[in-house]
Amino acid sequence: MKVLGKVIISIFSLGVILTLTLGVSIYNFGKNSKGEKSDCIIVLGCSVYGENPSPFLQWRTEEGYRLFKEGYADFIIVSGGKGPGESISEAEAMKRYLLKKGVKEEFIIKEDQSKTTMENLINSKRIMEKKGFNKSIIVSNKYHLKRASLMAKKVGIDASFSGVYVSDYKSHERMGFIREIPGLLKFYITGR
């Protein structure tokens, strides 16, 4: 019985250490990421409410717009397909948002086939290759950037990262961060 107790305590302790290590890694990567001059900005998709960007998608798109306006890149790839309950694709919602902000259509490249972050990056990489782009800035929520960075490396995108923290939705940010811990662990185990 004493041996079983020690095994249980050891497994529990290992789980706590692993969770803390992954959490710190996610937090530090998001906090310290900064966009660098690139050929394009890739804004990763998030929910659309009917035809309107969710707050997370709006903030991501706004960050892509800021980087574009400040001259970090000449093109923005908006990446995201149409999910359940969405009237238009995430890419289309971002494109419309950017057009309203005054970005000319010729500088917006729409990728509207992806359903996952990995697909966002695979499809965006294909666009980059077609356009002759070598380097990108990937934009998402800060908690999402660590896993996105590993995926980008896997598909061969040379990237820097820029994240948002949607302060009006702190509980959603916290939940996203918590969900990201098993997501990151899954990626380390499966590569997806």
Side-chain angles (χ1 to χ4, degrees), residues 26 29-30 33 40-68 75-101 103 105 107-130 136-155 157 159 161-192:
I26 291 165
F29 192 92
S33 291
C40 65
I41 298 155
I42 300 170
V43 184
L44 299 178
C46 194
S47 302
V48 172
Y49 300 153
E51 294 189 3
N52 300 311
S54 65
F56 276 24
L57 187 59
Q58 186 175 335
W59 279 53
R60 290 180 187 186
T61 310
E62 189 65 37
E63 178 64 4
Y65 173 71
R66 179 190 72 79
L67 292 163
F68 175 81
F75 295 90
I76 304 173
I77 299 173
V78 288
S79 180
K82 184 172 169 285
E86 297 177 343
S87 302
I88 58 172
S89 70
E90 295 161 8
E92 179 62 26
M94 288 188 275
K95 180 179 177 181
R96 291 180 187 181
Y97 185 91
L98 291 168
L99 289 170
K100 282 182 186 170
K101 298 289 277 185
V103 179
E105 192 165 5
F107 301 119
I108 306 167
I109 304 165
K110 192 165 75 168
E111 183 290 295
D112 60 2
Q113 299 304 304
S114 55
K115 304 288 184 199
T116 66
T117 302
M118 185 63 91
E119 288 178 9
N120 289 139
L121 296 171
I122 289 168
N123 295 339
S124 295
K125 170 69 171 168
R126 287 186 189 129
I127 291 169
M128 288 178 68
E129 287 170 347
K130 281 182 194 168
S136 71
I137 305 169
I138 296 173
V139 175
S140 190
N141 289 68
K142 289 185 177 189
Y143 67 75
H144 189 220
L145 292 181
K146 175 65 179 179
R147 189 162 52 98
S149 75
L150 297 172
M151 292 180 176
K153 187 174 183 180
K154 183 168 184 172
V155 302
I157 297 177
F161 300 86
S162 189
V164 298
Y165 179 82
V166 185
S167 53
D168 295 344
Y169 290 84
K170 287 180 181 161
S171 63
H172 290 76
E173 285 280 358
R174 282 193 286 270
M175 286 307 300
F177 177 84
I178 289 165
R179 280 195 311 268
E180 198 63 21
I181 292 171
L184 184 57
L185 180 61
K186 179 182 172 238
F187 182 83
Y188 280 130
I189 292 168
T190 66
R192 291 199 72 64

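All residue numbers refer to positions in the sequence shown, counting from 1. Computed from heavy atoms alone, side chains included, the values below leave out hydrogens, waters and symmetry copies.
Annotation: side chain to side chain donor-acceptor pair (under 3.5 Å) contacts of S47 (sequence neighbours excluded): none. Partners of K125 by side-chain contact (heavy atoms from CB on, under 4.5 Å), not counting sequence neighbours, listed by chain and number: E129, I157. Residues passing the salt bridge (charged side-chain N to carboxylate O under 4.0 Å, His left out) test with K82, sequence neighbours excluded: none. Partners of K153 by side-chain contact (heavy atoms from CB on, under 4.5 Å), not counting sequence neighbours: none found. With sequence neighbours excluded, the residues satisfying side chain to side chain donor-acceptor pair (under 3.5 Å) with N123 are E111, R126.
Under the salt bridge (charged side-chain N to carboxylate O under 4.0 Å, His left out) criterion, the residue pairs touching residues 56-66 are E62-K101, E63-R66, R66-E70, with sequence neighbours excluded. Listed by first and then second residue, the side chain to side chain donor-acceptor pair (under 3.5 Å) pairs involving residues 178-192 are R147-E180 (not counting sequence neighbours). Evaluation of the ring-ring contact (aromatic ring centres under 6.0 Å, His included) test over residues 161-180, restricted to residues two or more places apart or in two chains, returns F29-F161, Y169-H172. The side chain to side chain donor-acceptor pair (under 3.5 Å) analysis of residues 49-58, with sequence neighbours excluded, yields the pairs E51-R96.
Judged by distance alone, the side chain of S149 and the main-chain N or O of K146 form a donor-acceptor pair under 3.5 Å. In this structure, the side chain of K154 engages the main chain of G191 through a donor-acceptor pair within 3.5 Å. No donor-acceptor distance shorter than 3.5 angstrom exists from the side chain of E92 to the backbone of S89, with no hydrogens or angles considered.
Considering CD1 of I127 and CD1 of I122, their distance stands at 12.5 Å, rounded to 0.5 Å. Note that the OG atom of S114 and the CG atom of L44 stand 8.5 Å from one another [nearest 0.5 Å]. Taking OH from Y143 and CE from M175, the interatomic distance works out to 10.0 Å, rounded to the nearest 0.5 Å.
Nearest heavy atom pair, residue W59 against residue V164, reads O-CG1, 3.6 Å. The shortest non-hydrogen separation linking Y65 to L98 is CB-CD2, 3.7 Å. Of all the heavy atoms in S162 and L145, the pair that sits closest is C-CD1, 3.8 Å. Between E86 and C46 the shortest heavy-atom distance is OE2-O, 4.2 Å. Across all their heavy atoms, I42 and S79 have their closest contact at CG2-CB, 4.5 Å. Residues V43 and G64 share a closest heavy-atom pair of CG2-CA, 4.0 Å.
Using a 4.5 Å heavy-atom threshold, the side chains of I76 and L67 count as separate. Side-chain contact between M94 and K110 is absent, with no heavy-atom pair separated by less than 4.5 Å. Side-chain contact check for V155 versus M118: some heavy-atom pair is nearer than 4.5 Å.
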F56 and E173: side chain to side chain contact (heavy atoms under 4.5 Å, CB included), yes or no, with the steps? CA-CA 9 Å; F56 276 24; E173 285 280 358; 4.0 Å; yes
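M151 pairs with exactly one of T117, I138, T116, N120 by the side chain to side chain contact (heavy atoms under 4.5 Å, CB included) rule, that one being T117.
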